[in-house]
Amino acid sequence: MTEKAGKVRAAASEIGERRHGAACLTTEVAKQRRVRPLQRARARLRRERGWYRAGCACVLWGRGRFSFQGAKARGRADEMKMGRDGMAEMAKAYDPEPVEARWYREWMRRGLFGAEPASGTPYCITIPPPNITGSLHCGHALNNSIMDCLIRWHRMSGDNTLCLPGTDHAGIATQAVVERQLASEGLTRHEMGRAAFVERCWKWRSEYGDRIIMQLQRLGCSYDWSRTRFTLDESYVDAIYEAFLRWWDRGLIYRGARVVNWCPRCASAISDIEVSAEERQGHLYHIRYPLADGGGHVVVATTRPETMLGDTGVAVHPDDERYSRLVGASVRLPLTDRVIPIVADEFVKMDFGTGAVKVTPAHDLDDFEAGLRNNLEQIKVIGDNGTMTDAAGERYAGLDRFACRERVLEDLGAQGLLVASEPYTVKIPRCDRCKTVLEPLLSEQWFVRQQELAGPAIEAVESGRIRFHPERYARIYLDWMRNIRDWCISRQLWWGHRIPVWWTEDGRYAAGRNVEDAAQRLGVCASSLRQDEDVLDTWFSSALWPHATLGWPRASEDLGFWYPTSLLSTAQEIIYLWVARMIMTGLDFVGEIPFDDVYIHATVLDENGERMSKSKGNGVDPLDMVERYGADALRFSLLQQAGKNQDFRFNEERVRLAKAFMNKLWNASRFVIGTLDGTDDDERCRARAVLAAGATAVEGEPGSEPRSLWDRWILSRQQAAIETVSAGLASYDMDDAARAIYAFVWDEFCDWYLEVAKIQLRDERLARGTRAVLVHVLDTTLRLLHPMVPHITEEIWAALHGALGSEAGDDMTLMTTAYPTAIATLVSAAAEDDAGFLMEVVRGLRNLRAEFGIAPGMRLSAQAVPASRAQGLLFSDNAVAVEGLARLSRLTIAEVRPSTGEGWVSVSVAGAEAALEIGAALDLGKERERVAKELAQAETERERSAARLGNPQFVQKAPAHVVEKDISLLAEHEERIKRLRSKARALAGD
RNA sequence: GGGCGGUUGGCUCAGUGGUAGAGCGCCUCGUUCACACCGAGGAGGUCACUGGUUCGAAUCCAGUAUCGCCCACCA
């Protein structure tokens, strides 16, 4: 026995129901043995203990024995087999694993993901390239479900569709993981040297770089893998150097000494937007700086006392009268031997702290700028590795910055210069990548001027050429763009694109395509040049993604055909880092926007509404979900939640439900396909013709069969579903689309039409027509669903073709057929109205049955509907009507006959009444109660309508249809109340 | 400090002016050939709060509370 089976047994034992199985027992037996409580207990355990989370299908069988069915074993046993006659033999329960693997291989084998830039309407997505360090996380799973859904939808809709995938070298991230790997071997990159380290990174890439690609394939993504790009590919590097040189030649790239965000662990500058601030409880220290002339002191406030060692001035506001006489004077900087000036500068806030600020130009951006304005010295007291430099003084040099803080506080305290320390909330900037506390640090970096590039990028969004979805993100983008600051593009890393600038020995430099080019520009010999040590920010390469992957700077056919691309779908956290920059580079280099639409998808949170992160360990591995529930179920559950929302909680339950939906679809299809068994060649041939012609075929079907009300109803409802789904996909409301198709399949097709079909199939006159409708509706449903859940739909579609003996089936795939469009002639308000009425009748009867506990064998007469509606609407004759009503309401009904009025148990339905003659079986007390309740409700509703209609304002101002509705409601209520009152009287008389 | 999003039945979420919805969970019932990963029925909500606009507000406006996200150089 496996460990899991043991768990099942142990848990079942705990709930005291060891002896009983559930699934194989009849309800009666189950009741006797109290199995229902077991089922509930099992469900509870499943929730509480997370059995299914462990990948365990927990099935308890009867006969006093337990057996465990692992997903794999079940899959093998149930895999679909094709019978000799080509009829599909579909397993009772859908098992995604073999199906998904088989179809993905098949699509690949047939080369269906590729595209050629030839003719047609172009549709293109270049996917956000995942990091080569990565493995699929929930954000990827969501985004790629969305993109693949849209890609497949456009492909089926006839667009010339390309989805171009790729991966990102991810400078800092990859370097960090490789360094970690080295550390575990007791090595550092410095010991290895640059060349060997880069070699090692390439090795990492070849081992792990494509892992995420395989994971995307597991998800079912239909991307053109033959065009897969990597940001360090040779041709991609060409694009990067081309971009760099063009900007260089226009003077947009410059070198400068600035205070930048420095990550001591990465030993590199990082850009402002790669900083994440974290609030912490800290202190605000008040420190006394004695005046140099000995006549008093100034008190400054700071949260970072260790930086005082690098102070080169104290600033006060020019209007601050408290200090005006001190401006121009000097203070003696404690713990050092320096005398520094007091200056006036408007950046000081008079009402904060003491109104006097210590100025540390080398370690604070504000202070840096204030320092420039006031000619203050820049003294770097914290080094690149986060320890104090020699400039900090002998007593502090070499100390870690945090240790130094403690020592400075001690020393100040000892000298009586620490005036106060109050609790204070401080913002601690951390490195997005490694979470190390950042150090603002003066250093020489390369920058790109942004002002000039931002203008057109702002215009493109303002003018609506690029549209954000949801729209609110356009403003966020614009606000940032309008206040854009120069972009620090250099990183002190080894893994990445080395900056194409070469230096002479005497400190001159120039950019070039290569060293010779640079040498020529500098007019020196190439051998004397040294290339800049820094690499480019990873986002520099990503910024070129849409056009560079399509072949830029070459004027490639791909670029000509698919650029501008159609859509960028990404996470909101990289609007600035990536989206904004792609827009700038696209406009600047290609002269055209990079994409028409930007869709910002929701952030996936954990079950408690918190962000998923590795450090918190609350991440959900999408591949686990794929293994347990299938890729289709995962995709569908994510799409159900992919609308215009900012975030949503990941809920495994929803994946399970999506899997149940897959199973429902599977079994409904199994039924439909089963009905084709025994049909003649002529009928199959016609059904095949319908499928081959696609969605438009039904109406033109030659010599079409008689259509029942229900046939017309389901066809009409399907058109509505098609409309909603298409509209949802078109407006990036995937949630609406998913909901609509879910409701159509489950609530309408399965719950009603299939049940009706069972009856119609027994009527010779309706059987053929019913089968045609079943096949058509199923086929259309599969097409409609395919973009969301490609594998299962493809599998069922193949089975459908197999059942129809389609010879063409071998070469055809669902993914290459046409997407359904709504057919106006199939829409029938009358059918929807009539069917809606009958559904209400049936629901009423079911309700009676449940309320009164009518036993299945009890013979009843039903007088259901007005003759006008019953005849030819419900079913073609009385015998079928009896069966239909009986079956749909799950009652044994002997006959259906016209109403005679009194003495019946009634179901009130809008505009009519259905009734059951139950006679002695009826508990009159219960019925009295029920009628009274219904009467009370009807009266309340009547009052509500009456009150509205009694209000002249309402009648005058509300739209006509609203008033009319109330008028007809009122009449209905009156009628109903009359009936109920007479019934109540009759019951009271008994 | 600024901006944005959320707050709807026990849970997860739909619902942008006309009598509150779904799924799960809960309660009752169900052995027939699509499906127990199922079917039928039921209970359960004064839509965070306050005010306003309107004949009518979950929905629009203003404010409050609360949770979350993004941005920001108050040491």
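Just so we're on the same page: letters track the sequence lines, and every chain starts at 1.
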Among [options], which is the nearest nucleotide to the side chain of [X]?
| X | options | result |
| --- | --- | --- |
| A/L657 | B/A34, B/G41, B/G23 | B/G23 |
| A/R472 | B/A34, B/C37, B/G5 | B/G5 |
| A/D751 | B/G42, B/G39, B/C24 | B/G39 |
| A/K664 | B/A40, B/A34, B/G41 | B/A34 |
| A/C750 | B/A34, B/C37, B/A40 | B/A34 |

Taking atom CD as the centre, does A/E346 end up with more than 12 heavy-atom neighbours from other residues, nucleotides or ligands that are less than 6.0 angstrom away?
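No, CD of A/E346 has 12 or fewer neighbouring heavy atoms, counting only those of other groups under 6.0 Å.
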With a sphere of 6.0 Å drawn around CD of A/E422, does it hold more than 12 non-hydrogen atoms of other residues, nucleotides or ligands?
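It does: A/E422 CD has more than 12 such atoms within range.
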Interatomic distance where [atom1] belongs to [X] and [atom2] belongs to [N] [whole Å]:
| X | N | atom1 | atom2 | answer |
| --- | --- | --- | --- | --- |
| A/N663 | B/A34 | CG | P | 14 Å |
| A/R670 | B/C33 | CZ | C1' | 10 Å |
| A/E471 | B/U16 | CD | C1' | 14 Å |
| A/L639 | B/G23 | CG | P | 20 Å |
| A/D647 | B/C4 | CG | P | 16 Å |
| A/I673 | B/C33 | CD1 | P | 19 Å |
| A/Q646 | B/G5 | CD | C1' | 4 Å |
| A/R846 | B/G42 | CZ | P | 11 Å |

Under the side-chain hydrogen bond (donor to acceptor under 3.5 Å, both in side chains) rule, what pairs show up with a residue in residues 347-361 of chain A, not counting sequence neighbours?
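Residue pairs passing side-chain hydrogen bond (donor to acceptor under 3.5 Å, both in side chains), neighbours aside: A/T307-A/K358, A/D311-A/K358, A/D311-A/T360, A/K358-A/T360.
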How does protein reach along nucleotides 70-75 of chain B, written 5' to 3' as B (base within reach of a heavy atom under 4.0 Å), S (only sugar-phosphate), or - (no contact)?
SSBBBB
Once each nucleotide of nucleotides 17-22 of chain B is scored for protein heavy atoms under 4.0 Å, what B/S/- sequence comes out, 5' to 3'?
-BB---
List the atom of A/A803, the atom of A/I673, and the distance in Å for their closest heavy-atom pair.
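Heavy atoms only, the tightest pair is CB-CG2, 3.5 Å.
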Separation between the [atom1] atoms of [N] and [M], rounded to whole Å:
| N | M | atom1 | result |
| --- | --- | --- | --- |
| B/U8 | B/A58 | C1' | 7 Å |
| B/C67 | B/A72 | P | 24 Å |
| B/U53 | B/C29 | C1' | 50 Å |
| B/G23 | B/A40 | P | 10 Å |
| B/C61 | B/U54 | C1' | 12 Å |
| B/G6 | B/A14 | P | 9 Å |
| B/G10 | B/A43 | P | 16 Å |
| B/G39 | B/U50 | P | 41 Å |

Residue whose nearest RNA chain B nucleotide is more 5′ - A/F749 or A/V955
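Whichever sits nearer the 5' end wins; that is A/F749.
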Any donor-acceptor pair under 3.5 Å from A/N374 side chain to A/V343 backbone:
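No, A/N374 side chain to A/V343 backbone: no donor-acceptor pair under 3.5 Å.
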Do the ring planes of A/F744 and A/F749 sit parallel (below 30°), tilted (30 to 60°) or perpendicular (above 60°)?
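If you compare the ring of A/F744 with that of A/F749, the planes turn out parallel.
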Tell me whether the rings of A/F468 and A/Y477 are parallel (<30°), tilted (30 to 60°) or perpendicular (>60°).
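Tilted, since the angle between the ring planes falls between 30° and 60°.
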NZ or CZ of A/K758 within 45° of A/F671 ring axis and under 6.0 Å:
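That pair qualifies as a cation-pi contact.
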What pairs of nitrogen or oxygen atoms, one from the protein and one from nucleotides 10-12 of chain B, lie under 3.5 Å apart?
{"from": "B/U12", "atom 1": "OP1", "to": "A/R649", "atom 2": "NH1", "distance (Å)": "3.2"}

Do NZ/NE/NH1/NH2 and the carboxylate oxygens of [X] and [Y] come within less than 4.0 Å?
| X | Y | result |
| --- | --- | --- |
| A/E439 | A/R304 | yes |
| A/E840 | A/R843 | no |
| A/E941 | A/R944 | no |

A/V357 side chain near A/F352 side chain, heavy-atom distance below 4.5 Å:
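SC-SC contact between A/V357 and A/F352 ruled out.
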Quick test of your reading: applying salt bridge (Lys or Arg N to Asp or Glu O under 4.0 Å), list the pairs with at least one residue in residues 638-648 of chain A, sequence neighbours left out, ordered by first then second residue.
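Listed once each, the pairs are A/K644-A/D733.
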Step-by-step side-chain contact (heavy atoms from CB on, under 4.5 Å) determination, A/D366 to A/V259:
CA-CA 9 Å; A/D366 269 344; A/V259 169; over 6 Å; no
Are any of A/R656's side-chain N or O atoms less than 4.0 Å away from OP1 or OP2 of B/C37?
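So the side-chain polar atoms of A/R656 never come under 4.0 Å of the phosphate oxygens OP1 or OP2 of B/C37.
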Among A/R472, A/E573, A/Q572, which one satisfies side chain to side chain contact (heavy atoms under 4.5 Å, CB included) with A/I600?
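For A/I600, the side chain to side chain contact (heavy atoms under 4.5 Å, CB included) check succeeds only for A/Q572.
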Go through it in stages, so that I can follow the logic: the residues are A/Y94 and A/L665, the test is side-chain contact (heavy atoms from CB on, under 4.5 Å), and I'd like the CA-CA distance, side-chain angles, deciding distance and then a yes or no.
CA-CA 9 Å; A/Y94 175 64; A/L665 176 70; over 6 Å; no
Using a 3.5 Å limit for the pairing distances, which stems of at least 3 consecutive Watson-Crick or G-U wobble pairs does RNA chain B take part in?
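Stem list for RNA chain B: B:1-7 with B:65-71, B:10-13 with B:21-24, B:26-30 with B:38-42, B:48-52 with B:60-64.
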